[in-house]
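Only heavy atoms go into these numbers, but all of them, side chains included; no hydrogens, no water, no symmetry mates.
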Amino acid sequence: MNSTLLAHLNPEQLAAVTLGAEPGLILAGAGSGKTRVLTTRIAWLLSQGHVGPGGVMAVTFTNKAAKEMQTRLAAMLPYNVRGMWIGTFHGLCHRFLRAHWKAAGLPQGFQILDSSDTVAAVKRVIKAMNLDEERFIPKAVAHTIAHWKEDAARPKDVLARDPQEMKMVEIYAAYDAQCQREGVVDFAELMLRVYELMRDDAALRQHYQARFQHILVDEFQDTNKLQYAWLKLFAPPGGRGAVFAVGDDDQSIYAFRGAQVGNMHAFEREYGVRRLIKLEQNYRSCGHILDCANHLIDHNQKRLGKTLRTDAGQGEPLRVFEAPSDFEEARWVLEEAQSLHRGGLARAEIAILYRSNAQSRVIESALFNAGIPYRVYGGLRFFERAEVKHALAYLRLLENVNDDTSFLRVVNFPARAIGARTVEQLQDAAKASGRSLWQSVSALSGRAGVSLQKFIELIEGLRRATEGQTLRAIVEHVVEGSGLAAHYRSDKDGAERLENLEELITAAESFVTQEGFGKDAVALPVDELGVNGQLGPGLTPDADTGEIMSPLAAFLTHASLESGENQAIAGADALQLMTIHAAKGLEFDAVFLTGLEEGLFPNERALQDFDGLEEERRLMYVAITRARKRLHLSLAQSRMLHGQTRYHVRSRFLAELPEASLKWLSPKQGGFGSGFERDYANAWQRGSGLSGVVGAGRGGEARGGWPAPKPAAWQQAVAAPVPKKAEHDSGLRVGQAVFHNKFGEGVVLTLEGAGADARAHIQFGRHGAKWLALSVAKLTPI
DNA sequence: ACCCTAGCGGTTTTT
DNA sequence: CCGCTAGGGT
């Protein structure tokens, strides 16, 4: 390793990188060089001879982050990084289970279910148990089961409190049994199996605890209960293995899917962290942007505490715009973005962020009509597409005929006259004999038996024909031989699906050839995998290649573990549209943060959760810190949502930003009815003890080296008349003070619906916020 | 076996 | 408002 790598680090980064073999907790602020610290530390440990490549484990949450780490490390180190255990929690668990499949009680060729496969599998269980799918909604049940697994609870460990829950536990047990029978594991199972194996097998535990001398965990604030427990088995507190945990409690935005920020506190305490290292020097954003981020997050109570600073200049104040409607908000964003682009900024360096996906629609249509290129992130990923899943199901049957999920998916697709009746009979036969659908085909006679037999012959024919072929040839042959290609060729709008199948063939080809892509999963040096040179019994790597599973099996695993790009089409310079969640970890020269309205952001439903407001605020913090040079905030007084026009007040987050860093492009006062600011502030103070909207003021004038936007159409539009406050047909206005006989004084937060359905969300002093039906509630304007 | 339509629900999401 | 799903009709 080049010693200049250390020379470029700031003192805190250097302290983190060169920390000894002791537990380390690194509080890494946004844009503080977190990935750099992680990779430089690994390089430093290796180059100093503190550890060999086999003694390092680095864990991330996403494949993208893992890949990034590997790439950067490869550039720093003179030798091959392949032997190192760098990957996602799930990816590493998978690797572990491939080596120890037997001890884990799995078949050698086990496959992985993705979330939609899991729901489908749960649904089959519910059907087989003759339960009502209204009462036991497959998706919800699958979610509950995953939750139990993340609590390390097997069916016998779950404490069911009512009959409904008892039944759910029964489904859980039946589901696990079904997975076992079919040789498949879901995502949560990957983690749980490894956890249980490490917990219960002392020899294995001792081996791995001795082996991994340094374990580095990225995004530690996102770990769930099971992941932390898992980690403690690999490197228990006080043991020889040193855990280096990097995270940012202020960027914890995944509590809703089980992340426990508390793991950071727990880690500090349980591992006896001697010194908490804070990376507060920010290398990304200008001063005004950081001032806003710091001020905002300061409103959170539960923090480890951290303040970002920068050596860069203040840059330009944030531009803030309050539009009369979502339509006009979109138009403003478009004009501003265009003007930035004309000023020399690439479109791909401009992000438009929103809290929920539904908000993208109006922005998209504005951009579409104006002919401005844009790209929306989110939606279906490559391996989640129906046609791709179909092809994968055929491929999985080649590997494992007992995979009932795949069997059911394609037994009659493309249509081959195997109807629901036939499938039902087959399922009954399978249930009666406790065997797989495939194995039960022989039990059926008559026409049904014949058509099923034909399907079996089709699969067996495919297997014979592809034996010994390259992965690409196998996939190609299956796409054709299954009839999928023909089916989409004859479909009038099957062109895109055909293209995706072509893409799948290409993906299969590059999976095998691309270094560090598929190879890691397939071929690993023997001593990197097992315990004292011993692999799982029966696991025999190919002598030449070191392959421990067939390329096909590896490819199928890859497909489940990495669902692929959100959108494959790159290329054209386009504006980047995404949710704030999707933007985490990314950065842009300019960011538009839209929909800053109470109810939307902070999101009304999120506020119901414990700590909901603080998580929403962290989300706002993440959004702000994505911007390098320019940040634009906007909101709409009225918005079309779920088919009705809704009226919202300004997000409280706007009031939590420093006035000096904001430049209001719409009048800050006057847009609302008179007295709104005071009433709203009072209501908040009385109702929730939170500070309200502060007085008016204008930010400083733009300066710095960034191109100033040219005057745009909207500027004339906004400069002249004060936008008239949108009025609801009940005669009420958002922000208006009202009196209710029972609840007293309040302020209207949201208005929606019309006529008999008209409703208002009103913030009352001590009674809190309430939804009232306007046809019933007696409200007096005050 | 497939197509159409009524009905429902609509925060965020990776593996 | 709009997209997905289940279930019924042909």
Side-chain angles (χ1 to χ4, degrees), chain A residues 59-66 87-94 112-119 123 133-134 137-139 143 146 149-150 185-192 218-219 222-224 226-227 252-259 326 353-362 364-365 377-381 383-384 386 412-423 451 491 557-566 578-585 595 599-609 612 615-616 618-620 622-623 639-646 752-753:
Chain A
V59 206
T60 64
F61 274 87
T62 65
N63 292 301
K64 200 174 156 196
T88 63
F89 275 104
H90 298 270
L92 294 181
C93 285
H94 167 250
I112 299 165
L113 300 182
D114 69 16
S115 18
S116 62
D117 296 332
T118 304
V119 173
K123 194 171 176 173
E133 279 185 51
E134 304 269 282
I137 301 152
K139 206 172 151 192
H143 186 265
K149 289 190 180 184
E150 278 162 14
V185 291
D186 61 37
F187 288 135
E189 187 73 25
L190 281 172
M191 290 282 324
L192 183 53
D218 191 16
E219 305 276 18
D222 289 338
T223 51
N224 64 32
L226 180 58
Q227 284 157 340
S252 161
I253 55 172
Y254 286 115
F256 72 90
R257 64 175 199 216
D326 51 350
L353 308 184
Y354 32 81
R355 172 65 237 263
S356 72
N357 286 305
Q359 288 166 250
S360 77
R361 169 181 298 279
V362 63
E364 278 186 74
S365 74
Y377 286 77
L380 270 197
R381 327 273 282 296
F383 288 115
E384 288 166 354
N412 194 34
F413 192 93
R416 45 178 75 90
I418 299 176
R421 253 281 19 119
T422 305
V423 173
S451 55
D491 186 349
T557 295
H558 166 79
S560 335
L561 234 37
E562 270 190 70
S563 25
E565 288 291 312
N566 255 330
M578 65 192 87
T579 63
I580 302 168
H581 282 93
K584 191 180 171 215
L600 264 192
F601 193 25
N603 184 277
E604 196 190 306
R605 297 182 64 155
L607 293 184
Q608 318 288 315
D609 301 343
E615 176 136 325
E616 291 291 293
R618 290 191 290 269
L619 197 52
M620 176 81 179
V622 167
R639 176 179 297 277
M640 194 62 155
L641 209 63
H642 306 327
Q644 347 180 275
T645 309
R646 293 180 52 130
E752 66 171 59

Taking only the side-chain nitrogens and oxygens of Lys139(A), find out if one of them lies under 4.0 Å from OP1 or OP2 of dC4(C).
-> no
Whole angstrom value for the distance that separates C1' of dT14(B) from CG of Asp218(A) = 14 Å
Side chain of His90(A) - closest among dG3(C), dT15(B), dC1(C) = dT15(B)
Looking only at side-chain atoms of Arg361(A), point me to the closest of dT12(B), dT15(B), dG3(C).
-> dG3(C)
Output yes when a side-chain donor or acceptor of Ser560(A) lies under 3.5 Å from a complementary backbone atom of Ile112(A), and no otherwise.
-> yes
Taking only N and O in the side chain of Asn357(A), is any of them less than 4.0 Å away from OP1 or OP2 of dT12(B)?
-> yes
What integer distance in Å separates His642(A):NE2 from dG10(B):P?
-> 8 Å
Could you check whether Ala417(A) gets within reach of a base, just the sugar-phosphate, or nothing at all, counting any heavy atom under 4.0 Å?
-> sugar-phosphate
Across the strands shown, which category fits Ile418(A) at heavy-atom distances under 4.0 angstrom: base, sugar-phosphate, nothing?
-> sugar-phosphate
With a 4.0 Å cut-off on heavy atoms, is Asp609(A) in touch with a base, just the backbone sugar-phosphate, or nothing at all?
-> base
Could you work out the separation of dT12(B) and dT5(C) based on their P atoms and round it to a whole Å?
-> 16 Å
Please work out which of the three classes, parallel, tilted or perpendicular, describes the rings of Tyr254(A) and His581(A), given edges at 30° and 60°.
-> tilted
Which of these nucleotides, dA6(C), dT15(B), dT13(B), is closest to any side-chain atom of Ala582(A)?
-> dT13(B)
To the nearest angstrom, how far is Arg355(A) atom CZ from dT12(B) atom C1'?
-> 5 Å
Rounded to the Å, how far apart are Met620(A) CE and dT12(B) P?
-> 18 Å
Of all heavy-atom pairs linking Ala606(A) and Glu616(A), the shortest is CB-OE2, 3.2 Å
Under 5.5 Å between ring centres and under 30° between planes: does that hold for Phe256(A) against the base of dT12(B)?
-> yes
Starting at the 5' end of DNA chain B, which residue's closest nucleotide do you reach first, Phe187(A) or Ala420(A)?
-> Ala420(A)
Given atom CD1 of Ile137(A) and atom C1' of dG9(B), what is their separation to the nearest angstrom?
-> 12 Å
Does dT15(B) have OP1 or OP2 sitting under 4.0 Å from an N or O in the side chain of Asn63(A)?
-> yes
Check if the side chain of Ser115(A) and the base of dT15(B) share a donor-acceptor pair of N or O atoms closer than 3.5 Å.
-> yes
DNA chain B: Asn412(A) or Ala606(A), which has the more 5' nearest nucleotide?
-> Asn412(A)
Would you indicate, yes or no, if dT14(B) has its OP1 or OP2 atom less than 4.0 angstrom from a side-chain nitrogen or oxygen of Arg381(A)?
-> yes
Does any N or O in the side chain of Arg618(A) come within less than 3.5 Å of the main-chain N or O of Ser252(A), such that one atom is a donor and the other an acceptor?
-> yes
When you check the gap from the basic side-chain N to the acidic O, do Glu364(A) and Arg361(A) get nearer than 4.0 Å?
-> no
Grab the CD-C1' distance between Glu133(A) and dA6(C) for me, whole Å please.
-> 10 Å
Closest to the Met640(A) side chain, choosing from dT15(B), dT13(B), dC1(C) | dC1(C)
Checking dT12(B), dT14(B), dA6(C) against the side chain of Arg257(A) (C-beta onward), the nearest is dT14(B)
Output yes when Asp114(A) and Arg381(A) qualify as a salt bridge under the 4.0 Å nitrogen-oxygen rule, no when they do not.
-> no
Calculate the interatomic distance between His94(A) atom NE2 and dT14(B) atom C1'; express it in whole Å.
-> 17 Å
Under 4.0 angstrom between Arg416(A) side-chain N/O and dA1(B) OP1 or OP2 = no
Separation of dT5(C) atom P from Lys123(A) atom NZ, nearest Å, is 9 Å
